[in-house]
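Numbers restart at 1 for each chain; the letters A, B, ... are given by sequence-line order, proteins then strands. These numbers come from a predicted model, not from an experiment.
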Amino acid sequence: MKNIGIPKGMRDFSPSVMARRNYIFNTIRKSFELHGFEQIETPAMENRETLTGKYGEEGDRLIFNVMQRGDKLIDEILWLKELDTDTDKLTKENFNPAVKSSIIENFSDGALRYDLTVPFARYVVQHQNEITFPFRRFQIQPVWRADRPQKGRYREFYQCDADIIGTDSLLNEVELIKIFDEVLSELGMQDFTIKLNNRKVLSGIAEVIGRPEKIVDITVAIDKLEKIGQAKVEEELSEKGLTEIEINKIKPLFQLKGDSKLVISILKEYLEGSKVGQEGLVEVEEILQTLQAIPLQKAKLEIDVTLARGLDYYTGAIFEVVSNEVKMGSICGGGRYADLTGIFGLKDMSGVGISFGADRIYDVMEELGLFPESLSQSTQLFFVNFGAKEQAYVLPLLQQAREAGISAELYPEAAKMKKQMKYANQKNIPYVVMVGESEMQSGELTFKKMQSGEQEKLSFAEILKQLKG
RNA sequence: GUGGUUGUAGCUCAGUUGGUUAGAGCGCCUGAUUGUGGUUCAGGAGGUCGUCGGUUCGAACCCGAUCUUCCACCCCA
């Protein structure tokens with residue numbers, strides 16, 4: 001075999017895996033549709049400028065850029081030569097970082113989709129005249145990130161997004177939380193937590209500490225509390241330039257655990273001096289209160305001020321879902337963005353959305369053995385091919401079976417019986433029909449049940465009746 | 001991007017301090033069985049030991065580079 005392969009972090013999906021993946025996609029799609037969301041798709045590739053600068057510094061680094069094609073690329077290479085005449089002396093060490101970024105900028109004009117939210121914002125701006133707002137859209141497509149692969153992390157993976165744009169009603173947050181619960185419960189997960197936070201609360205915390213500009217550093221650091229412990233978090237905060245007095249002001253947050261009402265009452269006091277912080281708290285409270293009317297199935301809901309996901313464009317609620325049964329990063333995320341379309345030229349368009357990470361959900365379900373057994377079945381009825389005459393006799397029957405909604409196939413050549421039976425066996429086909437000379441004469445076909453091995457002579461009408469019943 | 005790890009038949013893996021012709025199980029193909037799969041028996045095919053380079057009389061084994069796998073960090077679904 002030749003040394004062939006596929007790019008790092010990307011995968012083939014064989015039929016048995018696809019059956020399971022589709023089970024997940026179908027469950028999610030069904031729930032989205034049930035809640036009135038309409039599907040759209042956007043291209044795999046966007047203009048590079050559409051994506052850059054939307055996901056923070058780290059995000060920009062992980063975007064797959066697409067090179068220019070043909071003469072345009074040649075032009076850029078010639079341009080580089082002018083910029084650095086002494087190309088022979090170039091080494092990795094003395095390479096000017098500014099040149100590196102302008103190479104990316106000039107050599108690539110496109111980029112692969114990094115998530116579904118930013119392309120959606122672009123879509124909304126571009127199609128604003130055709131859209132009736134508030135717009136509920138869902139989108140199930142792959143995204144690409146140039147990250148190093150590891151457990152639950154791929155370079156190509158599917159996101160399943162549902163967003164509502166054009167209203168700032170908190171009812172949407174409530175509905176989206178409900179969808180998290182509905183879908184994951186339906187998929188058989190028994191123990192998972194929906195974590196809820198609010199960007200305004202985080203802003204408030206940074207304000208109370210007196211370092212509003214350090215909001216990202218502060219939240220990223222306290223996000224690691226459970227993982228690395230309080231001492232290490234304090235160390236990191238100090239490294240990021242916070243004074244001891246400021247760190248001491250953060251300390252009360254380390255104790256924030258447990259009952260939502262308790263957490264909120266502590267935060268109310270803590271955020272007393274911050275108007276934004278109070279606003280955020282009111283939002284959190286309202287969401288919780290509205291949710292009381294709609295009980296959740298399997299999900300646990302938790303206020304988590306250390307939740308710091310997607311800070312770059314989220315302005316209100318922030319969501320994240322983790323499984324408590326399997327050690328895996330977050331399996332879902334989401335949040336509210338008050339002004340994502342603003343950067344594309346459409347103001348005052350608040351949106352909120354969620355995203356299911358289908359590949360991580362798959363890994364979790366696989367580890368927990370949650371996939372139903374029956375998913376892998378393909379063909380129901382198999383016709384053995386005995387030759388030209390028999391084939392002509394069977395063809396209308398094959399058609400009849402399919403019309404009756406029974407998936408059926410006829411072996412494409414008159415191969416040895418043993419080979420055909422083996423094929424049916426390996427494809428896990430439960431029923432086989434044999435039509436040879438004697439069957440054609442009598443009209444009584446040989447019908448074999450593969451699982452038990454028993455077989456009987458039946459008319460085709462009777463066979464269909466059995467399969468449908 | 002940082003650190004570690006892995007690579008031998010289609011798959012899962014053995015392989016002695018570096019020494020003849022690199023093995024096993026499963027799978028695959030053929031036959032026992034010209035109208036019967038899944039069981040059994042007999043036989044067979046299949047490997048540039050990830051790739052390139054180096055050390056050596058001699059390399060699957062030692063060294064270097066590179067690609068790939070998996071894992072952790074960063075970050076994230």
> Listed in order of residue number, which residues of residues 409-427 of chain A have a non-hydrogen atom at under 4.0 Å from RNA chain B?
Replying inline: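 Of all residues in residues 409-427 of chain A, the ones placing a heavy atom under 4.0 Å from RNA chain B are A:Lys416, A:Met417, A:Lys418, A:Met421, A:Lys422, A:Asn425, A:Gln426.
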
> Looking at RNA chain B, which of residues 331-340 of chain A put a heavy atom within less than 4.0 Å of it?
Replying inline: A:Ile331, A:Cys332, A:Gly333

Between the protein and nucleotides 72-75 of chain B, which nitrogen or oxygen pairs are less than 3.5 angstrom apart?
{"unit_1": "B:A72", "atom_1": "OP2", "unit_2": "A:Gln150", "atom_2": "NE2", "d": "3.2"}
{"unit_1": "B:A72", "atom_1": "N7", "unit_2": "A:Gln150", "atom_2": "OE1", "d": "3.4"}
{"unit_1": "B:C73", "atom_1": "OP1", "unit_2": "A:Lys227", "atom_2": "NZ", "d": "2.9"}
{"unit_1": "B:C74", "atom_1": "OP1", "unit_2": "A:Lys224", "atom_2": "NZ", "d": "3.4"}
{"unit_1": "B:C74", "atom_1": "N4", "unit_2": "A:Arg153", "atom_2": "NH1", "d": "2.5"}
{"unit_1": "B:C74", "atom_1": "N4", "unit_2": "A:Arg153", "atom_2": "NH2", "d": "3.2"}
{"unit_1": "B:C75", "atom_1": "OP2", "unit_2": "A:Lys224", "atom_2": "NZ", "d": "3.3"}
{"unit_1": "B:C75", "atom_1": "O2", "unit_2": "A:Arg153", "atom_2": "NH1", "d": "3.4"}
{"unit_1": "B:C75", "atom_1": "O2", "unit_2": "A:Arg153", "atom_2": "NH2", "d": "2.7"}
{"unit_1": "B:C75", "atom_1": "N3", "unit_2": "A:Arg153", "atom_2": "NH2", "d": "2.4"}

>> Output the pairing pattern of RNA chain B as a dot-bracket string, 5' first, Watson-Crick or G-U wobble with both distances under 3.5 Å, | for cross-strand pairs, [ ] for crossing pairs.
In response: ((((..(..((((.....[...)))).(((((.......))))).....(((((..]....))))))..))))....

Which residues pass the ring-ring contact (aromatic ring centres under 6.0 Å, His included) test with [X], sequence neighbours left out?
X        : value
A:Tyr431 : A:Phe447
A:Tyr411 : A:Tyr423
A:Phe13  : none
A:Phe192 : none

>> Tell me which pairs pass salt bridge (Lys or Arg N to Asp or Glu O under 4.0 Å) where either residue lies in residues 8-23 of chain A, with sequence neighbours left out.
In response: A:Arg11-A:Asp359, A:Arg20-A:Glu366, A:Arg21-A:Asp359

>> Can you pull out every salt bridge (Lys or Arg N to Asp or Glu O under 4.0 Å) where at least one residue sits in residues 47-59 of chain A? Sequence neighbours excluded, please.
In response: A:Glu58-A:Arg61

> In chain order, what residues pass the salt bridge (Lys or Arg N to Asp or Glu O under 4.0 Å) check against A:Asp109, with sequence neighbours excluded?
Replying inline: A:Arg69

> Pick the nucleotide of RNA chain B nearest each of A:Glu437 and A:Gly329; which residue has the one closer to the 5' end?
Replying inline: A:Glu437

> By side-chain hydrogen bond (donor to acceptor under 3.5 Å, both in side chains), which residues pair with A:Lys422, not counting sequence neighbours?
Replying inline: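 By the side-chain hydrogen bond (donor to acceptor under 3.5 Å, both in side chains) rule, A:Lys422 matches no residue at all.
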
